[in-house]
Amino acid sequence: MIDPSSPARAALDLTEPFGVRGVAEPPTLSATPAVVNAIRNATGLNLTHTPVAPEHTLGA
């Protein structure tokens, strides 16, 4: 378990197996809505699921 005096204490998450959330997790969460929004702006399609594949946008 994480040392309570550690600077990583701010990231403490008791639902994770080692008590700390992954450092790279939050940046990946913000990219998906931005990409889906860009596809919507370019094609006019309202995509409501991820991952988005080229097959979902064919014919737009």
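These numbers come from the heavy atoms of this one structure, side chains and all, not from hydrogens, waters or symmetry mates.
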- [ ] Begin with the C-alpha distance, continue with both residues' side-chain angles, and end with the deciding distance and a verdict on side chain to side chain contact (heavy atoms under 4.5 Å, CB included) for Leu45 and Arg40.
- [x] CA-CA 5 Å; Leu45 293 175; Arg40 182 183 327 138; 5.9 Å; no
- [ ] Would you please name every residue forming a side chain to side chain contact (heavy atoms under 4.5 Å, CB included) with Val52, sequence neighbours left out?
- [x] Val36, Ile39, Leu47, His56, Thr57
Open item on the list: Which residues pass the side chain to side chain contact (heavy atoms under 4.5 Å, CB included) test with Asn41, not counting sequence neighbours?
Closed with: Asn37
